[in-house]
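Some notes on the structure that comes next.
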Amino acid sequence: MNETSNSISVSVVKDPVRVRMAPSPTGYLHIGGARTALFNYLFARHHNGKFILRIDDTDTARSTDESMHEIYTALKWLGLEWDEGGDEGGPCGTYVQSERKAIYDGYIAQLLENGNAYHCYCTPEELEEIRTQARADKQTRSYDGRCRELAAEAVDRFVAEGRKPTVRIKMPDTPIRVDDIILGSRNIDPATLEDEVIVRSNGMPNYNLTSIIDDAEMQITHVIRGTEHLNNTPKQIAIANALGLNVPQFAHIPLVLDSGGRKMSKRHHGDLVAVNRYREQGYLPEAMLNFVVRLGWSYDDKQEIFSVEELIEKFDLARVGKSGSVFDIKKLEWLNSHYINQLDVSARTEAVIPFWQEKGLLLDPTENRDWLEGIVEAVGERLTKLQDIVPQTSYFFTDAFEYEPKAVKKWWGNSEEKREKTREILTNILQILEEIPTFDIETIEAAIWQYTDENNIKRVAAMQALRIALTGASFGPSLFDIVVLLGKDEVLKRIPKAIEHCT
RNA sequence: GCCGCUAUCGUCUAGGGGUUAGGACGGAUGGUUCUCAGCCAUCAAACCGGGGUUCGAAUCCCCGUAGCGGUACCA
């Protein structure tokens with residue numbers, strides 16, 4: 001495999017690969033998170049490494065157990081099983097950061113001792129002021145490091161005032177080299193870096209500290225994450241350096257964007273980005289994975305459909321692009337219908353049953369299994385998501401449907417003369433079906449074609465009139481399939497009812 | 001404001017010093033059919049701009065421009 005000039009060859013890595021997905025449980029797993037998880041998972045599996053799930057919940061105010069479990073559910077649904085971490089733990093003990101505080105405290109003490117960090121007594125208001133001023137002065141930094149060399153009496157005064165300090169890292173004054181597998185390498189001017197808060201005034205450490213510590217503690221070899229973290233990278237490297245910790249390799253993957261080109265986020269896009277909502281609508285995990293992997297990654301100019309096995313074999317960070325990718329639901333739908341159609345009728349029926357049950361259309365799925373499979377068979381390739389089964393087949397379960405006005409107008413007619421003709425056709429068909437010797441597709445089809453052709457009635461006109469009578473709509477599966485599946489009794493009940501409505 | 005990243009059809013992308021710039025989704029048209037979907041066929045649709053380098057630039061370099069990301073005691 002060739003390597004491009006600005007990419008670090010992935011194959012150079014010899015250590016057993018260890019990667020991690022580190023969500024913060026402040027909401028559901030979103031599309032971007034799913035893709036990050038997938039890239040990590042594929043990279044790990046491709047290299048026979050470990051995929052670790054760490055919970056970055058140092059923001060205790062916003063983290064919830066509920067969110068954590070939603071993330072687990074979504075990841076498991078996608079089949080992205082982790083080797084260590086999550087709710088199972090592993091060789092590194094707990095992988096939940098809020099439970100690892102003692103570990104961080106040790107490092108913080110070390111930083112304070114060796115002079116690489118210091119207490120900052122500035123209040124949020126003061127900081128806001130400093131920021132505003134810095135911005136007005138067109139400064140690069142928004143904090144000036146004023147607490148670096150606080151006199152002892154100033155500290156005493158602040159303490160006496162009851163101020164609780166934060167801890168800030170002292171940024172180095174030499175350039176920081178950042179190597180990125182996707183974006184290439186560059187040196188960061190230290191003048192652009194400021195002394196970040198690494199411990200809140202309540203004693204809880206912050207992301208930039210805990211993340212890089214745990215990456216080292218958990219022997220993470222590659223950090224694959226979204227580019228929103230790009231600016232955090234030099235900060236984290238600086239912290240690792242100050243602590244003498246190993247720095248993993250980084251790979252920043254481009255953002256997933258909305259149709260307007262903006263980053264997809266829970267805040268702005270709500271359920272549109274929630275993986276679990278897609279599951280609930282009847283998207284298949286295979287489709288979701290296949291969709292999401294192609295956002296920023298491609299294999300060649302031919303292949304669009306990839307099984308997970310193929311992805312594990314073919315995935316390579318070197319083929320991940322640098323620019324953001326727009327989330328296109330049409331493509332997801334196409335992929336989803338593809339995967340639904342891959343299912344055989346029995347499996348598809350199985351998949352669709354919960355959706356019928358959810359709407360109360362189906363009470364006992366163990367009964368009439370053949371009939372249900374017949375319906376699924378008749379629906380054929382018309383499902384883009386499993387949920388579509390409900391609107392597309394509800395008339396099989398109930399005759400309490402509306403006759404769609406537009407369809408009625410077009411096919412039953414909008415004049416008394418035309419309605420009269422429709423009633424006549426329906427009446428004739430009713431009679432044909434009443435008298436038909438065997439109620440099967442071939443016989444019915446032959447009888448109806450004979451009727452239309454002999455009476456010079458357009459097939460489409462008769463069929464559409466009948467379709468509306470039986471289903472309420474002007475579209476759907478083959479009408480002969482529908483007739484047989486409904487059964488003679490039901491058909492013979494629905495036609496007279498339709499004739500009554502056709503006035 | 002500051003720091004950073006990015007730039008091929010509407011979208012996902014392939015390609016990458018010399019190509020009719022390829023594929024897929026979506027769109028359009030025609031065919032098949034009882035409708036819809038599907039399937040088949042056909043079509044429209046792109047290298048951000050300007051300078052270099054070069055025989056030759058979409059490709060390499062520089063400069064713009066635009067978009068996006070970050071700029072928290074969030075992650």
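As the structure is a prediction and not an experimental result, all values here were calculated from the model. Order of the sequence lines sets the chain letters (A, B, ...), proteins ahead of strands, with each chain counted from 1.
- Taking the P atom of each, B:U33 and B:A28 are spaced 22 Å apart, rounded to whole Å.
- With a cut-off of 3.5 Å on both Watson-Crick or G-U wobble distances, the partner of B:G30 is given as B:C40.
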Would you tabulate the pairs of protein nitrogen or oxygen atoms and nucleotide nitrogen or oxygen atoms of nucleotides 44-50 of chain B closer than 3.5 angstrom?
none

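- Between the C1' atoms of B:G22 and B:U65, the separation comes to 29 Å (whole Å).
- OP1 or OP2 of B:C12 has not a single side-chain nitrogen or oxygen of A:Arg319 nearer than 4.0 Å.
- A distance of about 32 Å separates the C1' atoms of B:U32 and B:U13, rounded to the whole Å.
- The distance from atom CG of A:Asn208 to atom P of B:G70 is 14 Å, rounded to the nearest whole Å.
- Across all strands shown, B:U11 is found opposite B:A24 as a Watson-Crick or G-U wobble partner, with both distances under 3.5 Å.
- Counting distance only, with no hydrogens placed and no angle test, the side-chain atoms of A:Arg62 and the base atoms of B:C74 include a donor-acceptor pair under 3.5 Å.
- A ring-centre distance under 6.0 Å is found for A:Phe291 and A:Phe327.
- Between B:A45 and B:C40, the distance separating the two P atoms is 23 Å to the nearest Å.
- If you take NE2 of A:His268 and P of B:C74, they are 19 Å apart, rounded to a whole angstrom.
- For the pair A:Leu127 CG and B:U71 P, the computed distance is 15 Å after rounding to whole Å.
- For A:Phe306, the ring pair (Phe, Tyr, Trp, His ring centres under 6.0 Å) criterion is met by A:Trp297, not counting sequence neighbours.
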Assign a letter to each nucleotide of nucleotides 19-39 of chain B from its 5' end: B, base within under 4.0 Å of a protein heavy atom; S, sugar-phosphate only; -, no contact.
---BBSSS-------BBBSS-
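- The nearest heavy atom of RNA chain B to A:Lys164 and to A:Gly321 marks one nucleotide each, and the one closer to the 5' end goes with A:Gly321.
- Salt-bridge formation is not detected for the pair A:Lys314/A:Asp316: no Lys NZ or Arg NE/NH1/NH2 atom is positioned less than 4.0 Å from an Asp or Glu carboxylate oxygen.
- Separating the C1' atom of B:G52 from that of B:U20 is a span of 29 Å, rounded to the nearest Å.
- In this structure, A:Arg131 does not reach the B:U71 phosphate: none of its side-chain N or O atoms is under 4.0 Å from OP1 or OP2.
- Taking the six-membered ring for Trp and the full ring otherwise, A:Trp411 and A:Tyr403 have centroids separated by 6.0 Å or more.
- When rounded to the nearest whole Å, the span between CD of A:Glu228 and P of B:A72 equals 16 Å.
- Residues satisfying the salt bridge (charged side-chain N to carboxylate O under 4.0 Å, His left out) test with A:Arg148, not counting sequence neighbours, are A:Asp195.
- For the P atoms, the distance from B:C43 to B:C48 is 25 Å, rounded to whole Å.
- Taking the P atom of each, B:A7 and B:G49 are spaced 14 Å apart, rounded to whole Å.
- Residue contacts for A:His252: at a heavy-atom cut-off of 4.0 Å it reaches no nucleic acid atom on any strand shown.
- With sequence neighbours left out, the ring pair (Phe, Tyr, Trp, His ring centres under 6.0 Å) criterion links A:Tyr121 to A:Phe158.
- Rounded to an integer number of Å, the gap from A:Asp258 CG to B:C12 P is 11 Å.
- Contacts of A:Cys122 with the nucleic acid, taken as non-hydrogen atoms under 4.0 Å apart, include base atoms.
- The residues A:Arg62 and A:Asp57 are annotated as not salt-bridged, no charged nitrogen and carboxylate oxygen being separated by less than 4.0 angstrom.
- Checked against ring pair (Phe, Tyr, Trp, His ring centres under 6.0 Å), A:Tyr95 has no partners two or more places apart in sequence or in another chain.
- Figure legend. B:C74 is base-paired to no nucleotide; pairs are counted as Watson-Crick or G-U wobble with both atom distances under 3.5 Å.
- Within 4.0 Å of A:Thr166, counting heavy atoms only, lies at least one base atom of the nucleic acid.
- Rounded to whole Å, the distance from CG on A:Asn202 to P on B:C73 is 12 Å.
- Among the atoms of the strands shown, only primed sugar atoms or phosphate atoms (P, OP1, OP2) are found under 4.0 Å from some heavy atom of A:Gly296.
- Taking the side-chain hydrogen bond (donor to acceptor under 3.5 Å, both in side chains) definition, one finds that A:Arg131 meets it with A:Glu128, sequence neighbours left out.
- Nucleotide B:A57 is matched to nothing when pairs are restricted to Watson-Crick or G-U wobble geometry with both distances under 3.5 angstrom.
- When rounded to the nearest whole Å, the span between CD of A:Glu194 and P of B:G70 equals 16 Å.
- Evaluation of the side-chain hydrogen bond (donor to acceptor under 3.5 Å, both in side chains) rule for A:Asn455 yields no partner, not counting sequence neighbours.
- Distances shorter than 4.0 Å separate some side-chain N or O of A:Lys263 from OP1 or OP2 on B:G70.
- Taking a cutoff of 4.0 Å between a charged side-chain nitrogen and a carboxylate oxygen, A:Lys330 and A:Asp328 do not qualify as a salt bridge.
- Across all strands shown, the partner of B:G69 is B:C3, judged by Watson-Crick or G-U wobble contacts whose two distances both fall under 3.5 Å.
- In a base pair of the Watson-Crick type (N1 to N3 plus N6-O4 or O6-N4) or a G-U wobble (N1-O2 and O6-N3), with each distance short of 3.5 Å, B:G64 is matched with B:C48.
- A:Asn232 comes within contact range of at least one nucleobase, with a heavy-atom separation under 4.0 Å.
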Encode nucleotides 1-8 of chain B as B, S and - characters from 5' to 3', where the letter depends on protein heavy atoms closer than 4.0 Å: B to the base, S only to sugar-phosphate, - to neither.
BSSSSSS-
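- Closest-nucleotide positions on RNA chain B for A:Val199 and A:Arg262 were compared, and the one nearer the 5' end corresponds to A:Arg262.
- Residues that satisfy the side-chain hydrogen bond (donor to acceptor under 3.5 Å, both in side chains) test with A:Arg177, not counting sequence neighbours, are A:Asp179.
- We find that CD1 of A:Ile329 is positioned 16 Å from C1' of B:G10, with the value rounded to whole Å.
- The partner of B:U19 is absent, by the rule that a Watson-Crick or G-U pair needs both atom distances under 3.5 Å.
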Between A:Gln97 and A:Arg100, does a side chain to side chain donor-acceptor pair (under 3.5 Å) hold up when you go through it step by step?
CA-CA 5 Å; A:Gln97 289 194 323; A:Arg100 296 171 61 80; over 6 Å; no
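- Distance noted for atom C1' between B:A46 and B:G15: 13 Å (whole Å).
- Every pair passing side chain to side chain donor-acceptor pair (under 3.5 Å) that includes a residue from residues 383-395 of chain A is listed here, sequence neighbours excluded: A:Trp356-A:Thr393, A:Thr384-A:Asp388.
- A:Ser201 comes within 4.0 angstrom of a base, heavy atoms only.
- The phosphate of B:U13 has OP1 or OP2 within less than 4.0 Å of a side-chain N or O from A:Ser325.
- Judged as a ring pair (Phe, Tyr, Trp, His ring centres under 6.0 Å), and not counting sequence neighbours, the contacts of A:His69 are A:Tyr72.
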